[in-house]
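Computed from heavy atoms alone, side chains included, the values below leave out hydrogens, waters and symmetry copies. Counting starts at 1 for both ligands and their atoms, in listed order.
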Amino acid sequence: MTATGQVLATGLAAPEPGWQRSADVIVVGSGIAGLAVAIHARRAGLRVLVITKSFVTAGSTGWAQGGIAAALADDDSPAAHRHDTLVAGAGLCDVAAVDVLVNDGPRAIANLVRWGTEFDRNAAGDLALTREGGHGLRRIAHAGGDATGAEIVRAMVAEVANNPEITVIEHALALDLLLDDRGRAQGLTLHVIGEGQQDGVGAALAPMVVLATGGIGQVFNASTNPAVATGDGVALGLRAGAAVADMEFIQFHPTVLWLGGEAAGQQPLVSEAVRGEGAFLVDADGVRFMADQHPLADLAPRDVVAKAIMRRMRATEAPHMWLDGRHLGATMWQERFPTILASSRSHGIDPVTDLIPVAPAQHYTSGGLRTDTWGRTTIPGLFACGECSCTGVHGANRLASNSLLEGLVFADRIGSLLPSGLPDRADPVPPTAVRSLLSADARPTLQQAMTDGVGVLRSAASIDDALGRLADLPTAAETDAGTETWETTNLQGVAVTIGTAAGIRAETRGSHWREDYPDRDDARWRRRIVSTLLPDGSLEVAYEPVHVPQED
Ligand code: SIN
C-alpha cells in the first residue's frame with residue numbers, strides 16, 4: 001500500500017566524493033550506543049571509524065538526567081522490569097526484545113562501570129537507585145545527581161581515547177549509504193567540515209555500517225533534544241530503502257521548564273526523578289490534578305502525565321502547569337538535582353522557594369529503523385541501535401530511563417556478533433537516484449507544521465494539514481549543499497514518515513493521542529506500522545502483527 005503522494009529525496013544529491021578511506025566498521029553517532037559499538041569493535045580487533053556531526057560529546061546522551069534503568073536492587077527482578085516496560089508500551093512491545101533488554105540490563109551497566117562510569121552510591125557503597133514514572137520501584141541508577149548522561153559520556157569518551165585505533169571524525173555529516181550490486185551496505189558518503197585532505201564530501205567504505213544517530217527532536221518547535229537531533233540516521237536509512245517502524249509514537253516529556261509560548265529549540269528538562277523524590281504537579285489554583293488520573297498519580301507513565309497536563313492546561317486556559325518541589329529542601333536540590341537547580345535559577349526560578357512552570361515538549365522517538373534483536377536492519381550490513389532504531393522494546397511508549405539501557409544493551413548485542421566475522425566486502429555501486437535538497441529556510445515552517453498538526457494532540461484534519469504544508473517546502477539552490485540543507489531534507493523525510501503513520505493509526509495508544517479517536521487501545525490496531533521509501537520517492541506502508549501476549 002502506498003500511503004502518501006509526497007515525494008521524498010531518495011538519493012545522493014552531493015558532488016562526487018573527493019576522497020576515500022576504509023575501515024572494518026563505520027559507526028555513525030557518538031552517544032552511548034555508538035561509542036559502545038566502537039569499543040566492542042575495537043576489542044574484536046577491528047578498524048573502527050566513528051563519524052559524528054558535531055563534537056564527540058554533543059549528542060543526546062550527555063543531556064540525560066534521570067538515569068539508566070535495570071533490575072539492580074535486591075527486591076527487583078528482570079520479570080518486574082519486564083512487566084513495567086510492557087505496561088508502558090501499551091500492547092505494542094516486541095516481547096523478545098524486551099526480554100533481551102531486561103535480562104542483559106544489569107550486565108550492560110556493569111560494563112559501564114568497568115569503562116569508568118562513576119554512578120552515585122549509597123552509604124553501603126551500592127548503586128543509589130531512584131524511581132521514575134511507570135516504574136513499580138526504585139530501579140534507576142544515576143550519576144552526578146541529575147548529570148547521568150554527562151558522566152557516561154565522559155567515561156566512554158575517555159575509554160575511546162584510550163584506544164587510538166578507534167578513529168573519530170568530528171563535524172562529519174553522514175549523507176547516503178553506499179550499496180553493492182547485491183544491495184548490501186558497503187559504506188557511506190559524508191560531508192566533513194575539517195582541514196586538510198579530508199574536507200568536503202568523501203566516501204568511507206566498510207562492510208558493516210552502524211547507525212547510532214539518536215533522535216529527531218528538531219522536527220518540532222520545542223524539544224529536550226540538542227540541536228544535532230535532526231533524524232539523520234533514520235532519513236539516511238529511509239533513502240537507502242530500510243524499513244522504519246513505530247514513528248507515530250513520539251514521546252512528549254511532561255515536565256519541561258516552560259520558558260514562554262515562543263520558546264524554540266532545545267528546552268531544559270526537569271527530570272521525572274524530581275517527582276520520583278516527591279515533587280508533585282499542581283495547577284494555578286494549587287490543585288493536585290494527577291491524584292485521580294492514575295493509581296501512580298504523579299508517577300504515572302509519562303504519556304498519562306503529559307496528557308493530563310495538556311487537558312488541565314486546556315481546561316484552565318493556562319499556558320503551563322506547576323511542579324512543586326519546595327518541600328524537597330535546599331540540600332536535596334543541591335545534591336540530587338544540581339543541573340536542574342542551575343538551569344532553573346539561570347531562568348530566574350528557584351525550585352527551593354518557587355513553583356516551577358512546566359509544560360510538555362518533544363523528548364523521545366520510540367520508533368526508528370526496524371531491527372531484529374541483533375541490531376540488524378532490513379538492509380544487509382546496515383545496523384542500527386539507540387534512539388534511531390526500533391528494536392520494539394518501547395512499543396507505543398518508552399518507559400522512563402529505558403533509553404540509555406536500550407542503546408547500551410543492543411550495542412552489546414551488535415558487538416557480540418563481531419568475533420564471528422564481518423559481512424563480505426565488495427565495491428559499492430554509484431547511487432543513481434538524484435533529487436534536490438530542501439532549502440535550510442524551510443526548517444521553521446516544517447517545525448511549525450509538525451508542532452501544530454502532529455504534536456501531543458492530533459486528529460486526521462490536523463495531520464492532513466501538516467502533511468500538506470510539508471509537501472510545499474522550498475528546495476535549495478544546487479550550489480547550496482551544506483549541512484543545514486541536508487539536515488532540513490532529513491527532517492522532512494522523518495516528518496512525513498511520522499505524519500503518515502500518525503494519520504494511519506486511527507486510535508489512541510501510548511504516546512499517540514488522536515482527538516478524533518479518543519478510545520484507547522483498539523484491538524484491531526495491535527500491529528506495527530512499517531514504512532519503506534520506494535525508489536520513486538513515495539512511502540510504502542505495511543503492517544507487522546504483534547503476536548505475543550502483553551501485560552495490560
Ligand atoms: C527524565 O529524567 O525525566 C528523563 C528520563 C528519560 O527520558 O528516560
Pick, from Ser271, Gly67, Gly134, Ala273, the option with the minimum heavy-atom distance to atom 1 (C) of ligand 1.
-> Ser271

What atoms in ligand 1 come closer than 4.0 Å to a heavy atom of [X]?
{"X": "Ala400", "result": "8 (O)"}
{"X": "Gly66", "result": "2 (O)"}
{"X": "Glu132", "result": "2 (O), 5 (C)"}
{"X": "His363", "result": "4 (C), 6 (C), 7 (O)"}
{"X": "Glu272", "result": "1 (C), 2 (O), 3 (O)"}

Taking the six-membered ring of Trp525, is NZ or CZ of Arg527 closer than 6.0 Å to its centre and within 45° of its axis?
-> yes

side-chain hydrogen bond (donor to acceptor under 3.5 Å, both in side chains) against Thr339, all qualifying residues, sequence neighbours excluded | Asp146

Does some non-hydrogen atom of His253 fall short of 4.0 Å from ligand 1?
->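 Yes, His253 has a heavy atom closer than 4.0 Å to ligand 1.
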
The protein heavy atom nearest to atom 6 (C) of ligand 1 is Arg302 NH2, 3.3 Å

Minimum-distance pair of heavy atoms, taken over all atoms of Pro254 and Val305 = CB-CG1, 3.6 Å

Pair [X] + [Y]: basic N to acidic O under 4.0 Å:
{"X": "Asp412", "Y": "Arg107", "result": "no"}
{"X": "Asp94", "Y": "Arg370", "result": "yes"}
{"X": "Glu406", "Y": "Arg398", "result": "no"}
{"X": "Arg275", "Y": "Asp298", "result": "no"}

May I ask you to identify, for His142, whether its side chain, its backbone, both or neither come under 4.0 Å of ligand 1 on a heavy-atom basis?
->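 Neither; no heavy atom under 4.0 Å.
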
